[in-house]
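Here's the structure, in structure tokens; my notes come after.
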Number of protein chains: 2
Amino acid sequence: MTTPPMSGRKAQAARNDELILQAARAVFTADPGAPIAAVAERAGVGISALYRRYPSKEDLLRKLCLDGLHLYIAVSEKALDDQGDPWEAFAGYMRGIVDADSSSLTIKLAGTFQPTPELGAAAVRASELATRIHARAVEAGVLRPDVTTADIALLFEQMASVKLGDDERTGQLRHRYLALLLDALRRPASHAALPGPAPEDAELSARWVP
Amino acid sequence: MTTPPMSGRKAQAARNDELILQAARAVFTADPGAPIAAVAERAGVGISALYRRYPSKEDLLRKLCLDGLHLYIAVSEKALDDQGDPWEAFAGYMRGIVDADSSSLTIKLAGTFQPTPELGAAAVRASELATRIHARAVEAGVLRPDVTTADIALLFEQMASVKLGDDERTGQLRHRYLALLLDALRRPASHAALPGPAPEDAELSARWVP
DNA sequence: CTGGAACGGAAAGCTACGTTCCGCTATAGT
DNA sequence: ACTATAGCGGAACGTAGCTTTCCGTTCCAG
């Protein structure tokens, strides 16, 4: 295996680094209000192993949120590189974001801690990429133009709200409803005009402040 | 006005009955974990006014949940009475349920208290009505047949997860996304096959037990 | 052999919530 | 006019659960 020598206190600690992050991601994704103890238990470590790495719960949450944004950004960049069929590129992007499942964490945790500059910068970058992907799909004529970038963000949140059974089942269902959604988004097709104005950026960003 | 004689201790109490229920509905819809004190404050009454009416928080929650189900049932029955255009009847039904906003309360509160037989009976009745409405739309050929009744229930939850700004704005946006959804549901149209099996009834009912 | 990094988990300290309780007010009945 | 009392506001109480600290233990590095 590619695993480094697994004995030694240092190696153990390095493995715990990853173990703790994975556990924290899983636990807080399932329940954003979960206690620290739940993370420790899931990771199979003591509470002190957590506090050795992060000064407080809030710091751990920030780390998780930042990781989520970076994953979001990575998926978006990959989608922008896709020079194939415009619709498939856009649909693949949406499937990728839904699989990344960073919306749940990023959105639900927003407002529970002070955003750092680094976090703000990542959010801006993510937003830029989303805008470009959206614009490209509209310009290619494959995406109905009365749906805005902000709409897409809210639609991601709706997909993230689907939760039923275990993680695998949940993912399966999210893709089921994403397929339904993509049917409605695709152009050309017969569409009714959407009622009400699209969300403003200000409305979305308002949730980032406690 | 149609308001009954507003003086007198009894009249005051009767008005508080309604005031408290309205406040509770609003508060718990916004945050299912809200404290009792928040309800009292919103209603403009003291805490004891609540405890005079309901023995415990759980009882209040049950009452709210039951009211929500009854509203759901009323909307469904009205939809079944609609003998006009099949698609419009179905679409009106969905708009009605989204406006009733009983999914948020009923679903989010499920599992936080012991269900009474009365509550169970209402849930069964609601489920029956939903099945009939769904079946009628499919038989009329206006609803894509690969979407099940359980799918519709989960889609209602997705609409209920939309929350942005005040109540009015939230309702506006829910209708925006419902319109998108209806586009995908309507038949005839060109649709891709949905991936994954539809949710089982057992999966849904599993969330009712703590 | 030993200093200390890393750890497990108990306990401290705190917050927030549900519920109770007490004193007050304004009516209804006489 | 008088009083018994239903209804009420909100302080007080008890508790559950959470974050954070702290201390004894283990095990590698030198």
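Just so it is clear: chains get the letters A, B, ... in the order the sequence lines come, proteins before strands, and each one is counted from 1. This is a predicted model, so every value here is computed, not measured.
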- Task: To the nearest Å, give me how far apart CG (Leu61(B)) and P (dC17(C)) are.
- Result: 15 Å

- Message: Rounded to whole Å, how long is the line connecting atom CD of Glu41(B) with atom P of dG18(C)?
- Response: 14 Å

- Query: Should we say atom CD of Glu41(A) is surrounded by more than 12 heavy atoms from elsewhere, each under 6.0 Å from it?
  - Reply: no

- Note on the structure: To the nearest angstrom, the OH-C1' distance between Tyr54(B) and dG18(C) comes to 17 Å

- Separation of Leu19(B) atom CG from dC8(D) atom C1', in whole Å? 14 Å

- Message: Could you tell me how far apart Leu50(B) (CG) and dG9(D) (P) are, to the nearest whole angstrom?
- Response: 9 Å

- Item | Between dC13(D) (P) and Ile36(B) (CD1): distance, integer Å | 21 Å

- Would you mind telling me which of dT20(C), dT20(D), dC8(D) lies closest to the side-chain atoms of Tyr51(B)? dT20(C)

- Message: Just the rounded figure in Å: distance from P of dT27(C) to CD of Gln12(B).
- Response: 9 Å

- Considering just the side-chain nitrogens and oxygens of Asn16(B), establish if one lies under 4.0 Å of OP1 or OP2 belonging to dG7(D). no

- 5'-most contact on DNA chain D (nearest-nucleotide basis), Gly44(B) vs Ala34(A), goes to Gly44(B)

- Message: Let's see if you can work this out: which of dG9(D), dC7(C), dC18(D) has an atom nearest to the side-chain heavy atoms of Ala13(A)?
- Response: dC7(C)

- Query: Around atom CG of Asp167(B), are there more than 12 heavy atoms of other residues, nucleotides or ligands at under 6.0 Å?
  - Reply: no

- Query: Hey, mind stepping through Gln172(A) and Arg169(A) against side-chain hydrogen bond (donor to acceptor under 3.5 Å, both in side chains) and telling me if it holds?
  - Reply: CA-CA 5 Å; Gln172(A) 205 176 33; Arg169(A) 181 57 174 142; 2.7 Å; yes

- Message: For a quick test of reading the model, state the closest non-hydrogen atom pair linking Arg42(B) to Ala23(B) and the distance between them.
- Response: CG-CB, 3.5 Å

- Whole angstrom value for the distance that separates C1' of dG18(C) from CD1 of Ile47(B): 9 Å

- So, is Arg53(A) near the phosphate of dC7(C), with a side-chain N or O under 4.0 Å from OP1 or OP2? yes

- Note on the structure: Between Tyr93(B) and Val75(B) the two heavy atoms that sit nearest each other are O-CG1, 4.3 Å

- Task: Just compare dC18(D), dC21(C), dC22(D) and give me whichever is closest to any side-chain atom of Ser48(B).
- Result: dC21(C)

- Task: Would you indicate which nucleotide in dG9(D), dC7(C), dT19(C) comes nearest to any side-chain atom of Arg52(A)?
- Result: dC7(C)

- Query: The side chain of Lys57(A) lies closest to which of these nucleotides: dG8(C), dC21(C), dT19(D)?
  - Reply: dT19(D)

